[in-house]
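None of these values were measured; they are calculated from a predicted model. Quick note: numbers below take in every heavy atom, side chains included, and nothing from hydrogens, waters or symmetry partners. By convention in this document, chain letters (A, B, ...) are assigned in the order of the sequence lines, proteins followed by strands, and residues within each chain are numbered from 1.
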Amino acid sequence: MVCLREKAAQHSFVRVQFIYRKQHDFYSHRVLIRMLLFAHVHHNQPLIQYIADIEQASIAVKKLVSESEVGLDIETTGLDPILDKIRLVQIATPLNTYVIDMYHVPISVLNPVLTGGPIKVIHNAKFDAGFLYVVSEGVMVEPIFDTMITDQVLHHRGYARSLKDLSKEYLDIDLDKEKQTSDWGAEHLSETQIQYAGQDAHVLLPLKHILEEKAVELQIIEVVNLENRLVPAICWMERSGVNLDRNLWNKLVKSAEAKATRLKEELNLSVAEHTSLGLDLFGNAAVSINWDSPAQVKKLLSDLGVEIENTRHSTLESNRGAHPVIALLLDYRGAAKKVSTYGTDWEKHVHPTSHRIHANWVQIGSATGRMSCKNPNMQNLPREAAYRNCFRAAPDCVLIKGDYEQIELRLAAQIAPDARMKKAFYEGRDLHSVTASYLLGKPETEAVTDSQRQMAKAVNFGLIFGMGARGLSSYAQNNFRVRMDETEAAKIRRRYFEAYSGIKNWHESQSRKLETRTILGRHRILEGERDYTNRLNSPIQGSAADGLKLALIKLWETRHRVNAYPVLTVHDEIVIEAPKELAGKATEWLKGCMEDGMGEFLQEVPVAIDITAKESWG
DNA sequence: AGTCCGCGCGCG
DNA sequence: AAAGCGCGCGCGGACT
């Protein structure tokens with residue numbers, strides 16, 4: 001292939017056409033098409049048709065709809081689909097690239113190509129499809145093959161790569177990105193701008209073919225298909241956005257600010273008392289310590305005779321009794337976190353025109369396959385009802401929330417597999433209580449106390465992913481307020497693996513794997529002993545992510561059933577917005593999609609979904 | 001002024 | 001033998 005590539009690059013377009021005819025029987029059609037592409041991409045052959053009138057655009061569209069796949073890219077005057085404009089839409093076939101000037105052609109002319117018709121090959125399709133979705137008032141680009149997302153799947157990266165990087169690696173083409181940020185709103189576009197625009201669309205088809213070949217080699221095509229089907233659903237959710245009640249939010253901010261200010265004063269006073277620094281002329285504590293600085297806090301505590309390794313919550317908590325400022329500091333930290341991370345600044349993410357929050361959903365946001373979210377992060381809002389209730393349904397609508405119950409434990413039970421754990425889930429029993437019974441040596445029928453269940457919860461969550469006795473001891477203390485010393489934790493750990501021998505065997509079988517796979521086939525490469533716990537966690541966390549993603553896909557692909565749409569998702573939870581009168585129907589729809597999505601992977605253990613409809617989230 | 005990193009902490 | 005995992009964000013502090 002390398003030699004073909006070089007050969008192609010050496011020939012002019014006409015010359016390659018000649019080779020194509022002459023050696024038609026020798027090279028496959030696909031290979032020759034690729035040679036053509038390399039030839040004129042390398043020689044910067046134009047074959048680029050600039051279109052700035054409706055008639056020409058219609059002719060191009062007629063040709064384009066009969067293609068099986070086209071490269072697509074857009075140039076815009078900015079990054080905001082609501083506030084900014086699309087200037088160019090570039091659509092590439094193997095032989096031609098049309099650069100269509102949207103200042104002179106209405107978007108509707110392109111609809112037959114955009115929705116249905118050929119596969120649209122796009123780099124970071126969420127951007128282009130999201131823009132087109134807004135501008136065309138609801139026409140979704142479909143079907144999509146996203147070269148950025150696909151590359152990420154192949155490389156199990158936690159981050160995406162640019163089209164420039166992909167072109168360099170796979171096609172040995174240097175894309176000039178200089179013009180990317182040029183003025184696309186200018187009345188007349190320069191020839192170089194048009195060439196740049198065309199070139200970007202041009203490399204997409206050959207990229208797709210190479211990525212697909214690699215996907216087949218890696219036996220990962222199902223994951224690639226899942227991710228590509230997901231793109232429209234993510235666009236849909238992101239463009240839907242979610243409504244924030246700014247009045248409610250402001251009240252929370254104000255009270256957090258007041259609390260933080262008060263606690264800071266108390267902290268200063270407390271230190272003044274204990275350091276004989278006394279008060280200043282105005283009766284204020286003459287202490288100038290920045291309580292937001294871990295370094296300064298650590299130093300101060302050391303001066304007060306409390307030596308600690310760090311100032312994180314768990315460390316401070318276990319030294320609570322050592323000095324009165326520590327308890328105050330813990331309270332202050334809570335309030336300060338609310339003020340900084342969930343303060344007034346957070347509201348800047350409300351869009352000026354839509355008045356909703358359109359967060360940036362990152363489709364493959366983690367190495368395991370989970371999504372992430374930023375600007376703002378909708379996935380780490382405080383769980384307190386007061387905060388989540390700030391997210392309210394639009395007028396006459398409800399928010400319906402569905403979440404998978406103990407999804408990772410269910411997946412672990414199947415993947416290990418562990419017969420006892422599977423049985424407990426099949427019988428619809430509460431796994432934490434079941435675990436408590438085993439650890440305590442009680443018969444399963446006998447009730448366990450709340451604190452016993454709490455202990456078992458820590459055990460289930462921790463030990464399943466390879467936590468050790470020491471870790472379990474502090475984990476139980478920090479997260480579940482359960483005290484157990486290390487010896488006790490070790491004993492519990494032994495009992496746990498006696499009860500769940502399937503989990504024990506699974507742990508042993510995973511210790512030397514170089515690659516993990518989710519049930520669907522999503523992979524992650526792991527090296528070294530250090531990655532042992534990742535080997536356990538990745539297929540579970542990743543399979544849960546795959547199942548949730550399929551649920552989102554099903555929502556999109558069956559959207560005609562109910563006039564509703566997703567507004568956010570948090571790893572094991574999907575929230576949709578629906579008109580009040582459709583609440584019942586929408587609830588069934590969400591539940592069904594979530595069951596079916598996860599059910600494709602979790603087949604040997606029941607999928608359980610907790611679902612509620614309210615006017616607000618939380 | 002802008003950039004980078006570690007710490008700490010919100011969520012699953 | 002022993003080992004929880006995955007994110008994004010705000011801050012302080014050090015650097016340019």
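Under the salt bridge (Lys or Arg N to Asp or Glu O under 4.0 Å) criterion, A:Arg229 pairs with A:Glu557, sequence neighbours left out. Looking at residues two or more places apart in sequence or on another chain, you find a side-chain hydrogen bond (donor to acceptor under 3.5 Å, both in side chains) between A:Glu266 and A:Arg262. With sequence neighbours left out, the salt bridge (Lys or Arg N to Asp or Glu O under 4.0 Å) criterion links A:Arg429 to A:Glu444. Residues forming a side-chain contact (heavy atoms from CB on, under 4.5 Å) with A:Asn310 (at least two apart in sequence, or on another chain): A:Arg312, A:Thr315. Under the salt bridge (Lys or Arg N to Asp or Glu O under 4.0 Å) criterion, A:Arg320 pairs with A:Glu317, sequence neighbours left out. Taking the side-chain contact (heavy atoms from CB on, under 4.5 Å) definition, one finds that A:Ala322 meets it with A:Val306, A:Asn319, A:Ile326, sequence neighbours left out.
A:Thr311 and A:Arg333 share a donor-acceptor pair across their side chains, judged by distance under 3.5 Å alone. A donor atom on one side chain and an acceptor atom on the other are found under 3.5 Å apart for A:Asn360 and A:Lys126. Inspection of the A:Gln414 and A:Gln603 side chains reveals no N or O donor paired with an N or O acceptor under 3.5 Å.
The phosphate of C:dC5 has neither OP1 nor OP2 within less than 4.0 Å of any side-chain N or O from A:Arg535. Close to C:dG6, at under 4.0 Å from its OP1 or OP2, lies no side-chain N or O of A:Ser538. Listed pair A:Gln296 / C:dG13 meets the phosphate criterion, a side-chain N or O lying under 4.0 Å from OP1 or OP2. Between A:Ser372 and C:dG6, a side-chain N or O to OP1/OP2 separation shorter than 4.0 Å is absent.
The stretch residues 373-381 of chain A touches DNA chain C through A:Cys373, A:Lys374, A:Asn375, A:Asn377, A:Asn380, each having a heavy atom within less than 4.0 Å of the strand. DNA chain B lies under 4.0 Å from at least one heavy atom of each of the following residues of residues 565-578 of chain A: A:Val570, A:His571, A:Asp572. A heavy-atom distance below 4.0 Å to DNA chain B is reached by these residues of residues 337-350 of chain A, ordered by number: A:Lys337, A:Tyr342.
With distances taken from any side-chain atom of A:Pro382 to the nucleotides C:dG6, B:dG10, C:dG4, the minimum falls on B:dG10. Of all nucleotides listed (C:dG13, B:dG8, B:dC9), B:dG8 comes nearest to the side chain of A:Asn310.
Going from atom OH of A:Tyr475 over to atom C1' of C:dG6 covers 13 Å, rounded to whole Å. Rounded to whole Å, the distance from CG on A:Asn290 to C1' on B:dC7 is 13 Å.
Using a 4.0 Å heavy-atom criterion, one finds that A:Arg312 contacts the sugar-phosphate atoms exclusively.
If you check distances only, the side chain of A:Arg383 never reaches the base of B:dG10 with a donor-acceptor pair under 3.5 Å.
Under the 4.0 Å criterion applied to side-chain N and carboxylate O atoms, A:Glu384 and A:Arg388 are not assigned as salt-bridge partners.
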Given Watson-Crick and G-U pairs under 3.5 Å, DNA chain C in dot-bracket ([ ] crossing, | other strand) is ....||||||||||||
Please tabulate, for the side chains in residues 461-471 of chain A, all donor-acceptor contacts under 3.5 angstrom to protein atoms that are two or more places apart in sequence or on a different chain.
none

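Listed by first and then second residue, the ring pair (Phe, Tyr, Trp, His ring centres under 6.0 Å) pairs that reach into residues 475-505 of chain A are A:Tyr475-A:Phe480, A:Tyr496-A:Tyr500, A:Phe497-A:His507, sequence neighbours excluded.
Between A:Tyr565 and A:Trp589, the distance separating the two ring centers is not shorter than 6.0 angstrom.
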